[in-house]
> 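Handing you a structure now.
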Amino acid sequence: MVPTSRRIPNILITGTPGVGKSTICRILEERTELIWREVSKLAAEFNCLDEFDPEYQCPFLNEDKLMDHMEGMMAKGGNIVEYHGCDFFPERWFDGVFVIRTNNTALYDRLTARGYTGKKLEDNIQCEIFETVLEEAQNSYKPEIVIELQNDSDDQLQANVDAIVEWIERWREENI
Ligand SMILES: Nc1ncnc2c1ncn2[C@@H]1O[C@H](COP(=O)(O)OP(=O)(O)O)[C@@H](O)[C@H]1O
């Protein structure tokens with residue numbers, strides 16, 4: 001294990017768009033000392049969005065440039081990084097990687113409510129069916145730090161937040 005000088009962990013909240021990442025992060029930020037870092041917002045703030053991808057109707061992310069900007073904040077610990085991908089971050093940044101999952105019916109409803117249609121809607125539903133982000137996380141991080149959380153209902157939302165808060169408290173006790 002790479003020794004860490006962090007006294008407070010960095011965690012990654014990842015998963016297909018619509019699974020509930022932001023909702024979880026918002027509550028986690030209220031209940032913990034960790035700071036929510038939305039990668040999409042940071043990318044815009046640090047000018048790391050390149051030209052528009054017509055296929056996916058979103059701008060390309062300049063990953064290397066963004067990683068350089070985030071390095072300082074990550075070194076201190078105490079970050080909740082949120083993004084729908086996870087394979088380009090330095091592995092050493094994270095103490096825990098939480099992959100949020102949602103069943104197809106709930107995800108379809110959430111994404112259509114968000115105005116997704118056509119290819120964008122289909123691609124995201126398929127991404128969840130094929131467990132693309134879970135596989136990406138499993139290929140990018142040690143198995144013991146990758147935790148999958150099902151997030152279909154309000155009860156599960158509360159249970160997931162409780163589980164992550166407990167995980168953070170346990171990490172801090174074990175890394176004093
Ligand atoms: N556990 C849950 N049960 C029911 N609805 C949820 C749950 N988690 C999130 N939602 C709803 O799903 C939608 C998408 O959630 P959001 O947090 O924006 O997803 P993401 O950040 O992964 O794209 C929002 O309308 C949110 O209120």
Side-chain angles (χ1 to χ4, degrees), residues 9-46 48-49 52-53 55-61 63 66-67 70 73-74 78-89 93-141 145-168:
N10 287 323
I11 63 171
L12 175 63
I13 304 288
T14 189
T16 309
V19 293
K21 299 182 295 297
S22 312
T23 309
I24 290 174
C25 290
R26 195 171 299 118
I27 309 172
L28 281 178
E29 194 173 48
E30 285 167 16
R31 288 192 43 190
T32 69
E33 286 170 51
L34 279 69
I35 299 168
W36 175 19
R37 311 283 190 184
E38 285 182 78
V39 166
S40 322
K41 279 197 182 157
L42 290 176
E45 197 180 313
F46 294 131
C48 297
L49 295 174
F52 202 74
D53 180 347
E55 190 180 354
Y56 290 100
Q57 299 166 36
C58 62
F60 286 110
L61 175 63
E63 295 163 357
L66 180 64
M67 297 306 93
M70 290 178 69
M73 63 178 81
M74 296 306 292
N79 298 285
I80 307 167
V81 175
E82 184 221 319
Y83 197 55
H84 56 261
C86 60
D87 60 355
F88 56 87
F89 301 109
W93 275 5
F94 297 110
D95 304 293
V97 173
F98 297 88
V99 183
I100 313 304
R101 305 296 311 278
T102 300
N103 74 46
N104 304 336
T105 319
L107 188 61
Y108 184 92
D109 291 346
R110 292 181 200 172
L111 291 178
T112 46
R114 192 182 269 184
Y116 283 22
T117 54
K119 180 167 168 53
K120 194 168 182 176
L121 176 62
E122 279 167 33
D123 284 351
N124 281 299
I125 299 287
Q126 287 216 358
C127 172
E128 188 58 11
I129 292 173
F130 291 124
E131 307 192 321
T132 310
V133 182
L134 178 64
E135 198 177 307
E136 198 177 302
Q138 288 167 339
N139 290 334
S140 306
Y141 302 93
I145 74 157
V146 177
I147 299 153
E148 188 182 352
L149 296 173
Q150 193 67 28
N151 191 47
D152 302 331
S153 63
D154 284 339
D155 285 351
Q156 285 178 337
L157 174 63
Q158 294 314 318
N160 291 336
V161 171
D162 288 346
I164 299 171
V165 170
E166 276 168 32
W167 182 97
I168 292 168

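Order of appearance sets the numbers: ligands from 1, and atoms from 1 within every ligand.
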> Could you tell me whether Arg110 and Asp152 have a side-chain N and a carboxylate O separated by less than 4.0 Å?
no

> Run the salt-bridge test on Lys21 and Glu38 with the 4.0 Å N-O cut-off and return the result as yes or no.
no

> Does ligand 1 come near enough to Ser22 that some N or O of the ligand is less than 3.5 Å from an N or O of the residue?
yes

> Taking only heavy atoms of Asp154, which atoms of ligand 1 are found under 4.0 Å from at least one of them?
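So the answer, numbered in order with elements, is 3 (N), 4 (C).
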
> Any side-chain heavy atom of Glu29 sitting closer than 4.5 Å to one from Ile35?
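Yes; the side chains approach each other to less than 4.5 Å.
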
> Only one of Thr32, Asn160, Val161 clears side-chain contact (heavy atoms from CB on, under 4.5 Å) with Ile27; which?
Val161

> Would you mind checking which non-hydrogen protein atom is closest to atom 12 (O) of ligand 1, with the distance to 0.1 Å?
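Answer, as residue, atom name and distance: Arg110 CD, 2.9 Å.
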
> Decide whether the shortest distance between a heavy atom of Thr102 and an atom of ligand 1 is less than 4.0 Å.
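Judged by the 4.0 Å heavy-atom criterion, Thr102 does not count as contacting ligand 1.
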
> Identify the residue among Trp167, Tyr83, Tyr141 that makes a ring-ring contact (aromatic ring centres under 6.0 Å, His included) with Phe98.
Trp167

> I'd like to check which ligand 1 atoms, numbered from 1 as shown, lie under 4.0 Å from a non-hydrogen atom of Pro17.
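Every atom of ligand 1 under 4.0 Å from some heavy atom of Pro17: 23 (O).
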
> In the complex you have, is atom 25 (O) of ligand 1 within reach of the protein, judged by whether a heavy-atom distance drops under 4.0 Å?
no

> Determine whether Val19 and Val133 satisfy the following criterion, side-chain contact (heavy atoms from CB on, under 4.5 Å), listing intermediate values before the conclusion.
CA-CA 11 Å; Val19 293; Val133 182; over 6 Å; no

> Given side chains that start at C-beta, do those of Asp87 and Asn139 come closer than 4.5 Å, heavy atoms only?
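When only atoms from C-beta onward are counted, Asn139 and Asp87 do not touch, as no gap falls below 4.5 Å.
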
> What protein heavy atom lies closest to atom 19 (O) of ligand 1? Include the residue and the distance to one decimal.
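The closest one turns out to be Gly20 N, 3.1 Å.
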
> Taking 4.0 angstrom as the limit and counting only heavy atoms of Lys21, give me the atoms of ligand 1 inside it, by number and element.
17 (O), 19 (O), 20 (P), 21 (O), 22 (O), 23 (O)

> Students should be able to answer this: which protein heavy-atom is nearest to atom 8 (N) of ligand 1, and at what distance?
Asn151 ND2, 3.2 Å

> Please walk me through it: do Ile11 and Asn79 pass side-chain contact (heavy atoms from CB on, under 4.5 Å)?
CA-CA 6 Å; Ile11 63 171; Asn79 298 285; over 6 Å; no

> Is Asn10 close to Val81 at the side-chain level, that is, under 4.5 Å between some pair of heavy atoms?
no

> May I ask you to list the atoms of ligand 1 that are less than 4.0 angstrom from any heavy atom of Glu82?
21 (O)

> Using a strict cut-off of 4.0 Å, indicate which atoms of ligand 1 neighbour a heavy atom of Ser153.
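Listed by number with element: 1 (N), 2 (C), 3 (N).
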
> Under 4.0 Å from any heavy atom of Arg114, which atoms of ligand 1 are there?
14 (C), 16 (P), 18 (O), 19 (O), 20 (P), 23 (O)

> Provide, to 0.1 Å, the distance between atom 27 (O) of ligand 1 and the closest protein heavy atom, together with that atom's residue and name.
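Nearest neighbour among protein heavy atoms for atom 27 (O) of ligand 1, to 0.1 Å: Thr23 OG1, 4.1 Å.
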
